[in-house]
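Order of listing sets the numbers, starting from 1, for every ligand and every atom in it. As the structure is a computational prediction, the values presented were derived from the model and not from experiment.
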Amino acid sequence: MKPVIVVHGGAWAIPDKIAEDSIRGVKNAILEGFKILENGGSALDAVERAVRSMEDNPVFDAGHGAVLNANGEVELDAVIMDGKTLAAGAVSSIRNISNPVTFARSVMEKTDHVMLTDRGANQYADSQGIPKVATDELITEDERKEWEHYQKYTDSVKTLFNSQLVHDTVGAVALDCNGNVACATSTGGIRNKMVGRVGDTPIIGSGGYADNHIGAVSCTGHGESIMKVTLARLILFHMEQGKSPEQATDEALRYMAERVNGAGGAIVISPDGNWAARFTTERMAWASIKEDTLSYGLNPKEMFNEKTFRIAS
Ligand code: ASP
């Protein structure tokens, strides 16, 4: 089985001033994830690695660089899922951990639960010696300014088709050489969200899903809309009915637009290595590697291809 990986850096109206950095960020992330696959590593390790790379990159709304809630605080959500066993781990409302995706993996592998939140999550992090950072370390100067500026636009969470104020959630899906798929998604959510608001990202079947029998999905966009249609699972439902990843994603995004007036995007992979990166927002930064081709894009219907090389171990 030839490994394949796809990543996204969020579906929204990405402004020109961060367009190049967003493309660079998804390309770096995909190379890090692909290196693991190319050396025979698992899809799970690859998606975690790719998402960590984007959590550490302040251009994206995840980990370092996350958007702020109504109180001007960071609250992070993340999910990871293993398509072989359907094991899943998620965390929500995390304030002082730089790589929530790794924390979610620890919940998946070391507890009997699927999701931990807020106080309990913090207690668990302490018990596992997961490194904490001061919350302020995750907040960028740019985000503080944007947050202050947008204080007057309190409709960011209410305006369902307004993707201006949604930010760059990150995600990855991968297929490894053993035929296993996995997904991971991580976010700071939507700017000005209520304190305690949990979006689609950590909700299994909404922000992501992975099943070796069907494929893997990571979603981004207006979380309240995504949850109402369980977007990740809806895409996989269409694939179970025989649709390609691209057709299934377009169909599910169309349904979300018509039914709840929501915009978003998704990256998808099937067990036979077909993939899609589709969105209904103005832009979505994404990248994929299949065989020797690295593809990427930002605008609708855009796809640039570069020949890759064997990445040395
Ligand atoms: N889906 C995320 C949320 O609603 C935001 C995003 O994807 O940009 O929390």
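Not a single side-chain hydrogen bond (donor to acceptor under 3.5 Å, both in side chains) links S98 to another residue, sequence neighbours left out.
Hydrophobic clustering (side-chain heavy atoms under 4.5 Å, transitive across Ile, Leu, Val, Met, Phe, Trp, Tyr) keeps V7 apart from I269.
The side-chain heavy atoms of W286 and S295, taken from C-beta on, include a pair separated by under 4.5 Å.
Using a 4.0 Å cut-off between heavy atoms, M284 makes no contact with ligand 1 at all.
Ligand 1 lies less than 4.0 angstrom from a heavy atom belonging to R197. For G221, the closest heavy-atom approach to ligand 1 falls below 4.0 Å.
Counting atoms of ligand 1 from 1 in the listed order, those under 4.0 Å from a heavy atom of G189 are 9 (O).
At least one N or O atom of G223 sits closer than 3.5 Å to an N or O atom of ligand 1. For ligand 1, the polar-atom distance check finds an N/O of T220 within less than 3.5 Å of one of the ligand's N/O atoms. Remark: ligand 1 and E224 share no N or O pair separated by less than 3.5 Å (distance only, no angle test).
Heavy-atom neighbours of M1 CE from other residues, nucleotides or ligands within 6.0 Å: above the threshold of 12.
Ion pairing between a basic and an acidic side chain is recognised when a charged N comes within 4.0 Å of a carboxylate O; K243 and D250 show no such pairing. Under 4.0 Å is where a charged nitrogen must lie from a carboxylate oxygen, and between D45 and R105 at least one such pair does.
Summarising the contacts of atom 1 (N) of ligand 1 with I190, T169, I226, D200, the nearest heavy atom is found in D200.
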